[in-house]
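Below is one structure; the comments refer to it alone.
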There are 2 protein chains.
Amino acid sequence: MTDINQLAEPAPPRAPASKAETAPERSFVELIELFFFAYRDFVGDPDEILAPFGFGRAHHRVLHFVNRNPGMRVTELLDILRITKQSLGRVLRELVDEGFVESRAGAADRRQRLLYPTTKGEALARDFVAIQSRRIASALGECGPDAEDAARRFLVAMIDREDRAEVERLVHRAQAARPPSA
Amino acid sequence: MTDINQLAEPAPPRAPASKAETAPERSFVELIELFFFAYRDFVGDPDEILAPFGFGRAHHRVLHFVNRNPGMRVTELLDILRITKQSLGRVLRELVDEGFVESRAGAADRRQRLLYPTTKGEALARDFVAIQSRRIASALGECGPDAEDAARRFLVAMIDREDRAEVERLVHRAQAARPPSA
DNA sequence: GATTTATGTCAGTCATGTTGACTTTTTTCA
DNA sequence: TGAAAAAAGTCAACATGACTGACATAAATC
């Protein structure tokens, strides 16, 4: 083995000082890079839609999850996005100001602000899902018939164990009841 | 079907004004969200390693690709990362200043600056690959035996068609010859 | 010798994130 | 009932990593 290949693949010998000395660990550098490039193109899709509105990717994420969880509280959104209240604040204010999201006080607990997409917001969120779904449909079409299931299982398994329950709940739950639509 | 479900799944009726009216398009909102959460955790892994050095994710990306392609030109790196010369400049300068990357004039074309990882740089890049490989290994372990192949094919298929050849070349090519190691 | 290429740099801006401190409103609970 | 806690919002300052535009230098090419 030449020194050249040691550069390419970390190679078994030296364990990365964090685990007991068991089997030599395998490098998945190929998948690491494919994941990088795939995600880059995947999140790039909505950019063209976003641009005309003067919105960025942060707006995409916020609108997406509000649309998927109408009546969501601000705190839930913060937990999902893992950003600070101040960061969310700016983006959310813009979405509200421009009429994509509506925020209403909760009926049961009036401290809460429940977030709802407006008709305009729903339409935009639909466009985001549509463009990314087209990429996924095309990708799955190229792979075998079991590709969808395999992709789903792989992606779930890539998520931190302690977050999986919450993510699965979020992704699969039936939509919350529609608000007393304004 | 209630109006509630129309929120959750865009529903076939209205095509997103960009394609001929063929079959109603299917929504892959579930995979969209799983991809988001999986990538979030995936890129979060290196953060703990980065922090002690005062480096960010930009440093991770640059060092990774320099390490994987020793002797790479600055222009190639710009093409891969799709950022501007000015953006790369700062990050690269820090990596050079702190002894993780070395830049040498090309032997054939002396305008070029060829980028090489130092021993220290290689070690750090190895740690990045190791921590992300552990996540991948664990994920694949949870899925079936064909999971690796399925994941690879899915990720490749998610990349823009026109970039695939270049990405595959980058990911699979044998490492460039080692420099006349300083 | 003129032009092009590869690289670097100065200056300013923007998007999106961060901390820390503080306020207001409302609910909870001892 | 009154104190504490919770949900949300806001002000200010700052960090990171992008961007544009303009320009400089060295070296290769035609």
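Chain A is the first sequence line, chain B the second, and so forth, proteins listed ahead of strands; every chain is numbered from 1. Note that these values count all heavy atoms, side chains included, but never hydrogens, waters or copies made by symmetry.
- Regarding A/Phe55, its CZ atom lies at a distance of 17 Å from the P atom of C/dC14, rounded to whole Å.
- Judged by the 6.0 Å and 45° rule, B/Arg104 forms a cation-pi pair with B/Tyr116.
- Ring centroids of A/Phe154 and B/Phe154 are separated by 6.0 Å or more, keeping the two rings apart.
- Listed by chain and number, the residues in a salt bridge (charged side-chain N to carboxylate O under 4.0 Å, His left out) with A/Glu98 amount to none (sequence neighbours excluded).
- B/Gln86 contributes no side-chain N or O that forms a donor-acceptor pair with the base of C/dG12 under 3.5 Å.
- Looking at every heavy atom in both residues, B/Ala38 comes nearest to A/Met158 through CB-CB, 3.9 Å.
- Residue A/Ser103 is the one, among A/Ser103 and B/Leu88, whose nearest nucleotide of DNA chain D lies closer to the 5' end (criterion: closest heavy atom).
- Here the P atom of nucleotide D/dG17 and the CG atom of B/Leu95 are 10 Å apart, to the nearest Å.
- Side-chain N/O atoms of A/His59 include none lying less than 4.0 angstrom from OP1 or OP2 on C/dA15.
- In this structure, the CZ atom of B/Arg57 is 16 Å from the P atom of C/dT16, given to the nearest Å.
- Residues that satisfy the salt bridge (charged side-chain N to carboxylate O under 4.0 Å, His left out) test with B/Arg110, not counting sequence neighbours, are absent from this structure.
- Residue B/Leu78 contributes atom CG, which lies 10 Å from atom P of D/dC19 at whole-angstrom precision.
- Using a 4.0 Å heavy-atom criterion, one finds that A/Gly56 contacts the sugar-phosphate atoms exclusively.
- Remark: P of C/dT5 and CG of B/Leu114 are 19 Å apart, rounded to the nearest angstrom.
- Under 4.0 angstrom from either OP1 or OP2 of C/dG17 there lies at least one side-chain N or O belonging to A/Arg61.
- The interatomic distance linking A/Lys85 (NZ) with C/dA21 (C1') rounds to 10 Å, in whole Å.
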Taking only N/O atoms, report every protein-nucleotides 26-29 of chain D pair under 3.5 Å with atom names and distance.
unit_1, atom_1, unit_2, atom_2, d
D/dA27, OP1, B/Arg110, NH1, 3.4
D/dA28, OP1, B/Arg110, N, 3.2

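- Residue contacts for A/Arg73: at a heavy-atom cut-off of 4.0 Å it reaches the sugar-phosphate backbone alone, with no base atom in range.
- Consecutive pairing runs in DNA chain C reach the stem threshold at C:1-30 with D:1-30, where a stem means at least three Watson-Crick or G-U wobble pairs with distances under 3.5 Å.
- Across residues 33-54 of chain B, not one residue has a non-hydrogen atom less than 4.0 Å from an atom of DNA chain C.
- Side chains of A/Leu78 and A/Thr84 form no contact here, defined as non-hydrogen atoms less than 4.5 Å apart.
- Using a 4.0 Å cut-off between charged nitrogen and carboxylate oxygen, B/Arg164 and B/Asp160 do not count as a salt-bridge pair.
- Distance, A/Leu92 CG to C/dG17 P: 13 Å, rounded to whole Å.
- Between B/Phe35 and A/Phe35, the closest side-chain pair of non-hydrogen atoms falls below 4.5 Å.
- Residue A/Ser87 has its side chain nearest to C/dT18 when only C/dT18, D/dT10, D/dC19 are considered.
- When the side chain to side chain donor-acceptor pair (under 3.5 Å) test is applied to A/Glu33, the partners found at least two apart in sequence or on another chain are B/His64, B/Arg68.
- The nearest whole Å value for the distance from the CG atom in A/Leu81 to the P atom in C/dT18 is 10 Å.
- In this structure, the side chain of A/Ser133 engages the main chain of B/Phe28 through a donor-acceptor pair within 3.5 Å.
- Across all strands, B/Arg90 comes closer than 4.0 Å to base atoms (heavy-atom distances).
- Ring planes of A/Phe55 and A/Phe100: perpendicular class, angle over 60° (limits at 30 and 60°).
- In this structure, A/Thr84 reaches the C/dT18 phosphate: one of its side-chain N or O atoms is under 4.0 Å from OP1 or OP2.
- In this structure a side-chain-to-backbone donor-acceptor pair under 3.5 Å is missing from A/Ser103 to A/Leu115.
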